[in-house]
Amino acid sequence: MRLILMGPPGAGKGTQARLLAERYNIPQISTGDILRVAVRNKTPLGMKAKEYMDEGRLVPDDLVVDIVVDRIKKGDCHRGFILDGFPRNIAQAEALEKTLNGLKRGIDHVVDIGVQKKEIIRRLSYRRVCRGCEEGYHLIFAPPLNANVCDKCGGELYQRDDDREEVIEARLKVYEEATFPVLDFYRRNGLLRVIDGIGGIDQVAQKIIDVIEGRGDYNP
Ligand code: AP5
């Protein structure tokens with residue numbers, strides 16, 4: 001199964017991708033996580049990406065596309081994968097399509113998780129992320145068992161630099177300008193399904209599972 005999760009910043013793409021990856025035993029590919037690890041490790045990619053990420057802008061395609069293309073060619077993606085945070089503009093969507101065509105594979109589902117701005121700000125302002133494994137928490141809706149400690153790996157939890165309100169605004173603007181057209185791209189070829197991202201994490205997960213497993217009507 002090859003799945004793309006779309007949605008504005010804070011919609012719950014990463015949260016849902018991790019749950020689905022476990023359920024279907026396929027890898028989650030998060031460009032945001034990959035870039036954050038690169039920034040933390042001060043790799044050449046990370047050094048280039050940091051200023052874009054801090055300002056809420058998209059990292060240039062030439063830095064991102066090859067990472068995803070190489071990743072989906074790896075053996076563990078043979079049974080499928082979940083893309084979270086990619087593609088984010090038309091050029092990336094076209095590069096993905098070209099790669100998959102070359103591999104004689106296709107995308108099975110594109111799920112857009114719809115969440116309104118007020119809820120996005122509430123989700124992002126209280127988000128905490130593990131420095132060790134990138135697991136995401138929410139101080140109210142999905143708190144860790146022990147304050148500031150990751151339940152999964154014991155790593156330290158931190159607040160992302162781009163979760164400040166002014167950067168959230170910039171990210172939402174980028175989403176509208178660059179990523180909205182990607183939704184149309186997948187709507188046109190009949191792959192897009194839209195779900196309401198409001199509700200508990202498990203409720204939203206169930207809606208996505210219903211799409212994947214062919215239950216319910218989530219046509220846009
Ligand atoms: P990225 O990390 O992809 O950020 P994003 O798309 O803005 O999405 P987020 O990670 O902020 O949110 P999410 O939808 O995953 O929500 P989450 O599950 O964490 O990208 C960061 C930056 O990297 C970009 O700005 C860009 O610079 C660069 N970048 C990345 N990919 C790129 C690309 N392809 N091209 C170019 N540049 C790229 O949930 C949010 C919070 O809400 C959490 O606290 C969670 O616990 C909580 N929550 C989740 N679901 C629920 C629910 N149902 N109810 C209540 N709370 C919930």
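Indexing begins at 1, ligand by ligand and atom by atom, following the structure's order.
In the vicinity of G200, heavy-atom distances shorter than 4.0 Å reach the ligand 1 atoms 53 (N). Counting atoms of ligand 1 from 1 in the listed order, those under 4.0 Å from a heavy atom of V64 are 33 (C), 34 (N), 35 (N), 36 (C). Atoms of ligand 1 lying under 4.0 Å from any heavy atom of R36, numbered from 1 in the order shown and given with element: 2 (O), 21 (C). Taking a cut-off of under 4.0 Å to the non-hydrogen atoms of R171, the atoms of ligand 1 that pass are 4 (O), 5 (P), 7 (O), 9 (P), 11 (O). Close approach of ligand 1 to V204 (heavy-atom distance below 4.0 Å) involves ligand atoms 53 (N). Atoms of ligand 1 lying under 4.0 Å from any heavy atom of G14, numbered from 1 in the order shown and given with element: 13 (P), 15 (O), 18 (O).
Heavy atoms only, all atoms of each residue included: L58 and Y52 are closest at O-CD2, 3.5 Å. Smallest separation of non-hydrogen atoms from P143 and Y137: C-CD2, 4.0 Å. Between D61 and Q92, the shortest heavy-atom contact is OD1-NE2, 3.0 Å. The two residues L96 and I72 have their closest heavy-atom pair at CD1-CD1, 3.7 Å. L172 and P8 make their closest contact through CD2-CB, 4.2 Å (heavy atoms, listed as atom of the first residue, atom of the second, distance). The heavy-atom pair separating R18 from D33 by the smallest distance is NH1-OD2, 4.3 Å.
Nearest protein heavy-atom contact of atom 34 (N) of ligand 1 is G85 O, 2.9 Å.
Paired with V64 under the rule side-chain contact (heavy atoms from CB on, under 4.5 Å), one option of N89, V69, V59, L45 passes, and it is V59.
Remark: ligand 1 and D162 share no N or O pair separated by less than 3.5 Å (distance only, no angle test). The distance criterion of under 3.5 Å between nitrogen or oxygen atoms is met by Y137 with respect to ligand 1. Any N or O atom pair closer than 3.5 Å counts here, and P9 shares no such pair with ligand 1. Annotation: R128 places no N or O atom under 3.5 Å from an N or O atom of ligand 1; distance criterion only. For the pair G199 and ligand 1, the shortest N or O to N or O distance falls below 3.5 Å.
Looking at E134, H138, K13, R57, it is R57 that brings a heavy atom closest to atom 25 (O) of ligand 1. Of the listed residues (T179, T15, I201, L83), the one carrying the non-hydrogen atom nearest atom 18 (O) of ligand 1 is T15. Summarising the contacts of atom 38 (C) of ligand 1 with L35, L5, L124, the nearest heavy atom is found in L35. Across R123, M53, R88, heavy-atom proximity to atom 1 (P) of ligand 1 is greatest for R88. Looking at E55, R18, Q16, R160 and measuring to atom 10 (O) of ligand 1, the nearest heavy atom belongs to R160.
Using cut-offs of 30° and 60° for the angle between ring planes, the H138 and Y126 rings count as tilted.
Contact annotation: for L58 versus ligand 1, heavy atoms closer than 4.0 Å belong to both the backbone and the side chain. With a heavy-atom cut-off of 4.0 Å, Q92 touches ligand 1 through its side chain alone.
Within the 4.0 Å heavy-atom shell around ligand 1 one finds G10. Using a non-hydrogen distance threshold of 4.0 Å, G136 does not register as a contact of ligand 1.
Looking at E134 and R40, their side chains come closer than 4.5 Å, going by heavy atoms from C-beta outward. A heavy-atom distance below 4.5 Å is found between the side chains of Y158 and V129.
Under the 4.0 Å criterion applied to side-chain N and carboxylate O atoms, E176 and K173 are not assigned as salt-bridge partners.
Side chain to side chain, Q206 and D202 fail the donor-acceptor criterion of an N or O pair below 3.5 Å.
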